[in-house]
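Structure record follows, encoded as structure tokens.
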Amino acid sequence: MQTEPAFRAYDPAAIEPKWQSHWDATKAHEVRDDLPREKCYYVLEMFPYPSGKLHMGHVRNYSIGDAVARYKRMRGFAVLHPMGWDSFGLPAEQAAIERGAHPKKWTYENIAYMRGQLKRMGFSYAWSREFACSDPGYAAREQDIFLDLVEKGLVYRKSSMVNWSTGLNTVLANEQVIDGKCWRTGAPVIQKELPQWSVRITHYAEELLQSTYDLPGWPDAVLIQQRNWIGKSIGAEIDFTVDGRADLKITVFTTRPDTVFGVTFLSIAPEHALLDKIVPASHKAAVDAFKAEVRTVSTQDRTGDTAEKKGVFTGAYVISPVNGERVPLYAANFVVADYGTGAVMAVPAHDTRDFAFAQKYNIAVKQVIVADGKEPSALDEAFTEVGTVVGSAQFNGQRSDAAKVAITDWLASSGKGRKTITWRLRDWGISRQRYWGNPIPFTYGQSGGAVPLRKQDLPVTLPDDVRFDGIGNPLEKHPTWATTANDGSPLTIRTATGPEAARRETDTMDTFMQSSWYFARFTCADAKEPLDKKRVDHWLPVDLYIGGIEHAVLHLLYARFFMKALSDVGYGTVREPFKRLLCQGMVCMETYQRDLGDNKKQWFYPDEVDVTVDAKGKVIGAKAKTDGQPVAVGRVEKMSKSKRNTVDPQSLIDTYGADTARLFILFAAPPERDLEWNPDGVIGANRFLKRVWVLVQENLAALRATTAFAGHAKDVTGADQAVVRKVHATIKRATDAMEKDFSFNTTIAACMELMNELKPDTLSAPVFKLGVTTLLRLLAPMVPHITNELWSDLGNDGDLTIAGWPSFDAAQIDADDADYPVQVNGKMRGKITLPRSLSGPALDQAVLAHPDVVAIIAGRPVKKLVVILHKIVNLVLG
RNA sequence: GCCGGGAUGGCGGAAUUGGCAGACGCAGGGGACUUAAAAUCCCCCGGCCGCAAGGCCGUCCGGGUUCGAUUCCCGGUCCCGGCACCA
């Protein structure tokens, strides 16, 4: 007779949507703003760009965040866990150009679809706080904040060089310039000077730098990257007068004022403003030719790896302020106009690059620092270390690091130089010549000056009736938008002589602006004003922020800057946005490829190849199914469509359910590490969930009929006692992982171990129930659907959030006896068991008296006995 | 070039503070159930030697500290990420 299971099968497609509807209907994950802060927790994942559908990187990011959010709720915290959309940006305009879809329509359709996917994953967001950056409400309030920044002097307009596509008539980002050509049209990209709106992030350079030493919850890698990016450099400016032109001086910036007596030439940026005034007629042609040559090369090629260090003698000489020596002035391609002063004093003896340049152009090398106790001698390479100063007048004999200060002070006292700090960090240019962004709330009168809008004239909203042909900025080409006020009348500004016709700024803001304060808006998404100071101060800083490390110096630096600026314009007192930062690794997968020559590769989807393995299961080759010919098993690389190594989360959910997807992704690797996708591993995760399901369903009646064991491990014996101890040990491991390093992989491993010991045949019903209920509670943050379903099947009323995270008793973890591995001279030789309570000399005696130990010693003299309590015994024998 | 991170079985990974290396999972091998397959369950699973008991080797490589090193120190190799003529 056919044996039908007496219970229903595990069917994620049925139970998962059921719980998701329940959470929606009961608004289970909304949170109050008025509870004591110490009972509150704000966990946030980087919000997505609504590109169309979730990718596996999102699933990983949000699975990690959701596990933390649900864990904290189980611990009784009021958890703020919001979600929104980083919805301005270029892909929407690309879609408009390529498919004729309006950016707004395309964006909001994508949002609707992806919101559905997030809900189908069971992520516990406070959906009432959701917004998209392109929502009029958010964009308008950002304009409001922008005007506050203008008021505070943190916004200005200046001309700067940009990559300009001659094909698209628009500015391109550096990464959109390929081989000096436009990525889309292939048209030449030129360097063009354009007025750009900039935000004064450099105003906060020092605070941004110093605070990195006060962010213990951030990974060092990110902090170090930010410090390097900010690039504080302490040195001196030194003035060199132009020979024969007492009215002109060239100021250099150097971090090595101690080597100033060794200067044998100066290098200056080809774009330097003074150059034209200095170059004599005899050298004008050569210098102009060099300038033209430099200009044709894109910045990246000029400063790239392979770029040759080149220069040209300008025909001019400068006079050293320290010894009156006359040294030549070179224009050099490696000197950057907008760093330092755009001119460098060259000391070939003590700078590697200057040394190479001097060799190439046959310029003198003058050594002014020697290794301690050595004499100057001909140099094969630059000596860049600290040493003793020579050839430097009254500074001879000093240590070179001390001479830095002494020489700077001496120069300062005579007005020829000064101590200076330079920064690598530049102000943030936010102008983008694009439609799908937040308009910059400025206008231009007929006289040309830029005038900020008044707050009552906000918001500036994007017109819907725009055409996308891929050329230029649709806002600029719109017939009326730029000249029409919000009430439909012609746009004017007030001047001393009365109203004057005006035209709107048609540039929109960099989308990093929106992501710089969205986390603050989540605390008060319903506020009329841009930010509700009280709630901002209540919730911020975010307790845990989770996202990819690729944002280490862009988004994460901008957001830190914005928080300080927001505070300075009155939106709260918090100056750092994120208390703890978790950077998750990439999601990767094996690739299959065939080299077609010419640097071209053909990539294969995993289901297009057959993989062969050897007797141990090691992959030894692969063949294409279509032609049976070999394909190379490529490296494990970040999932990308071009390499055909992606897995669509939706198909995963459809096949195995959200819980399996979440469990696998949390189990396969710790959060910070790259995760290698493994389809077999997914099956394994699913198998584990099924086993949990069957374990409960098979024993449902017995489980419902009893209450979980609540006594002490010492009250029971045998398998019961072992399981009670295991329960406490597992809770401890899981709790430590959640609190310390979010190592969900080991938490899941511990849960698997616990389940492997839950044998209903050998356990009393109460202990079995303790094991099962503990297992469900520990797994609940990671796989909320199946655990809540089973919890409910066990006859519980409330869900697992209410049931709470279990607590452990450390005293019940360890057995009465302790195992001591026995080593001889550091090599394993046996194992003995002794009472855990033994310690000190009594323990030593018990060890030596143990028959196994006596046998191991075999009469040899014990030179030393090492006994580490509850850990190990090591006998040092002669 | 500079800065940062990493290297552990066939694979992903574990190992608390210097104390039994390889937890847990995947793959692989063997078995049970089945007419058969799938699913499920049980056993084995770092390498070498050995019938076995057991022994030797083993955490990228070479040294060192220590009773004891995957862990700490010194030197090197390779891989990944970031920055880069930044004066």
Side-chain angles (χ1 to χ4, degrees), chain A residues 219-229 231 233 235 252-256 267 269 302-305 307-310 332-336 338-347 351-354 356-357 422-424 549-550 552-553 585-586 590 613-620 635-636 663-664 667-670 672-685 687-688 690-691 694 732-733 736 740 743 745-756 819-831 863-877:
Chain A
D220 283 339
V222 173
L223 295 175
I224 288 164
Q225 271 189 61
Q226 292 211 351
R227 281 173 211 144
N228 291 341
W229 186 266
S233 179
V252 300
F253 172 73
T254 182
T255 55
R256 295 296 305 275
S267 337
R302 179 175 152 190
T303 60
D305 209 0
E308 189 189 353
K309 291 169 187 49
K310 275 200 238 176
N333 64 350
F334 56 82
V335 183
V336 183
D338 58 354
Y339 180 79
T341 60
V344 187
M345 66 177 216
V347 186
D351 180 277
T352 312
R353 191 186 53 207
D354 293 345
F357 195 86
T422 10
W423 304 85
R424 211 188 80 97
I549 197 166
E550 64 270 22
V553 287
M586 298 182 296
E590 202 161 64
V613 296
D614 66 12
K616 288 179 179 169
K618 185 182 183 179
V619 174
I620 50 176
R635 303 194 318 172
V636 173
L663 186 74
F664 170 72
F667 181 54
E672 302 87 347
R673 214 181 293 193
D674 286 350
L675 181 150
E676 186 181 338
W677 194 265
N678 177 356
D680 293 324
V682 175
I683 295 169
R687 190 181 298 155
F688 171 68
K690 276 190 210 160
R691 289 177 65 203
V694 169
K732 181 178 190 310
R733 273 180 74 179
D736 286 351
K740 270 164 38 192
S743 52
N745 55 329
T746 58
T747 300
I748 293 166
C751 288
M752 289 172 167
E753 283 183 43
L754 174 59
M755 195 192 67
N756 289 342
D819 283 341
Y820 285 91
V822 179
Q823 298 182 334
V824 173
N825 297 338
K827 285 185 186 294
M828 285 298 306
R829 282 297 178 267
K831 192 176 283 186
K863 279 163 66 177
K864 185 170 180 179
L865 173 68
V866 180
V867 180
I868 307 297
L869 187 65
H870 302 156
K871 290 252 166 86
I872 206 160
V873 170
N874 192 8
L875 303 157
V876 184
L877 301 182

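Just so you know, these numbers use all the heavy atoms, side chains as well, and skip hydrogens, waters and symmetry mates. Lettering follows sequence order; numbering is per chain, from 1. These numbers come from a predicted model, not from an experiment.
- Across all strands shown, rC49(B) is found opposite rG54(B) as a Watson-Crick or G-U wobble partner, with both distances under 3.5 Å.
- A sub-4.0 Å separation between OP1 or OP2 of rG25(B) and a side-chain N or O of Asn678(A) is absent.
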* Step by step, work out the side-chain contact (heavy atoms from CB on, under 4.5 Å) result for Tyr820(A) and Leu869(A). => CA-CA 9 Å; Tyr820(A) 285 91; Leu869(A) 187 65; 3.8 Å; yes
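- Ring geometry for Phe357(A) versus Phe334(A): interplanar angle over 60°, hence perpendicular rather than tilted (30 to 60°).
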* Asked: Reading nucleotides 65-71 of chain B 5' to 3', which nucleotides get B (base under 4.0 Å from a protein heavy atom), which S (sugar-phosphate only), which -?
  -> --BS---
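- Across every non-hydrogen atom of Leu877(A) and Val824(A), the tightest pair is CD1-CG1, 3.7 Å.
- If you check rC2(B) for Watson-Crick or wobble pairing at under 3.5 angstrom, you find it paired to rG82(B).
- Across all non-hydrogen atoms, the minimal contact from Lys871(A) to Pro821(A) is O-CD, 3.1 Å.
- Across the C1' atoms, rG54(B) and rC72(B) are found 34 Å apart, a figure rounded to whole Å.
- For rU77(B) and rC61(B), the P atoms lie 15 Å apart once the distance is rounded to whole Å.
- A 3.5 Å limit on both hydrogen-bonding distances identifies no Watson-Crick or G-U partner for rU34(B).
- The interatomic distance linking Phe334(A) (CZ) with rC86(B) (P) rounds to 9 Å, in whole Å.
- Pairing for rU16(B) is absent, judged as Watson-Crick or G-U wobble with the two contacts each under 3.5 Å.
- Across rG19(B) and rC73(B), the matching P atoms stand 15 Å from one another, rounded to whole Å.
- Spacing between rG9(B) and rG62(B) at atom P, rounded to whole Å, works out to 15 Å.
- For rG46(B), the base adopts the anti conformation, since its glycosidic angle falls more than 90 degrees from zero.
- In this structure, Ile549(A) and Ala750(A) both approach RNA chain B, and ranking their closest nucleotides by distance from the 5' end singles out Ala750(A).
- Pairing each heavy atom of Pro670(A) with each of Asn745(A), the nearest pair is CD-ND2, 3.5 Å.
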* Check the pair Leu865(A) / Val873(A) against side-chain contact (heavy atoms from CB on, under 4.5 Å), numbers first and verdict last. => CA-CA 8 Å; Leu865(A) 173 68; Val873(A) 170; 4.1 Å; yes
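- The minimum heavy-atom distance between Gly826(A) and Asn874(A), with the atom names listed, is N-OD1, 3.1 Å.
- Rounded to whole Å, the P atom of rC85(B) lies 43 Å from the corresponding atom of rU16(B).
- When both distances must be under 3.5 Å, the Watson-Crick or G-U wobble mate of rC11(B) is rG25(B).
- Nearest heavy atom pair, residue Asp674(A) against residue Ala669(A), reads O-CB, 3.9 Å.
- Counting any heavy atom pair closer than 4.0 Å across all strands shown, Asp674(A) reaches sugar-phosphate atoms only and no base atom.
- Heavy atoms of Lys831(A) sit under 4.0 angstrom from at least one base atom.
- Between rG63(B) and rG50(B), the distance separating the two P atoms is 29 Å to the nearest Å.
- Atom pair Met586(A):CE and rG81(B):C1' shows a separation of 8 Å (rounding to whole Å applied).
- Between Asn745(A) and the phosphate of rC24(B), there is no side-chain N or O to OP1/OP2 separation shorter than 4.0 Å.
- Listed here is the closest heavy atom pair of Tyr339(A) and Trp423(A): CE1-O, 3.7 Å.
- Here rU16(B) presents its C1' atom at 7 Å from NZ of Lys732(A), a figure rounded to the nearest Å.
- No contact: Arg227(A) has no heavy atom under 4.0 Å from any strand.
- Nucleotide rG28(B) holds its P atom 7 Å from the CG atom of Asp680(A), rounded to whole Å.
- Asp354(A) comes within 4.0 angstrom of nothing in the nucleic acid, heavy atoms only.
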* Going through the checks in order, is the side-chain contact (heavy atoms from CB on, under 4.5 Å) test met by Asn756(A) and Arg691(A)? -> CA-CA 10 Å; Asn756(A) 289 342; Arg691(A) 289 177 65 203; 3.2 Å; yes
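- Between Arg353(A) and the phosphate of rC86(B), there is a side-chain N or O to OP1/OP2 separation shorter than 4.0 Å.
- Atom pair Asp220(A):CG and rG6(B):P shows a separation of 11 Å (rounding to whole Å applied).
- Rounded to a whole angstrom, the distance from the C1' atom of rA27(B) to that of rA52(B) is 31 Å.
- Nearest to the side-chain atoms of Asn228(A) among the listed nucleotides rA14(B), rG19(B), rC3(B) stands rC3(B).
- With a cut-off of 3.5 Å on both Watson-Crick or G-U wobble distances, the partner of rG62(B) is given as rC74(B).
- When the P atom is compared between rG68(B) and rC57(B), the two are found 15 Å apart, to the nearest whole Å.
- In this structure, CG of Asp736(A) is placed 12 Å from P of rU16(B), rounded to the nearest angstrom.
- Residue Gly231(A) is classed as having no contact, given no heavy-atom separation below 4.0 Å to the nucleic acid.
- Listed nucleotides rG12(B), rA87(B), rC3(B) differ in distance to Val335(A); the shortest reach to its side chain belongs to rA87(B).
- As judged by a 4.0 angstrom heavy-atom cut-off over every strand, Thr352(A) is placed among residues making no nucleic acid contact.
- Nucleotide rG18(B) holds its C1' atom 9 Å from the NZ atom of Lys871(A), rounded to whole Å.
- Interface remark: the Arg256(A) side chain does not form any donor-acceptor pair with the rA87(B) base, using a distance-only criterion of under 3.5 Å.
- For the pair Phe667(A) and Gly342(A), nearest-nucleotide mapping onto RNA chain B gives the more 5' position to Phe667(A).
- When distances are taken from the side chain of Val336(A) to each of rG12(B), rA87(B), rC83(B), the shortest belongs to rA87(B).
- Computed from coordinates, the Trp423(A) CH2 to rA87(B) P distance equals 13 Å when rounded to whole Å.
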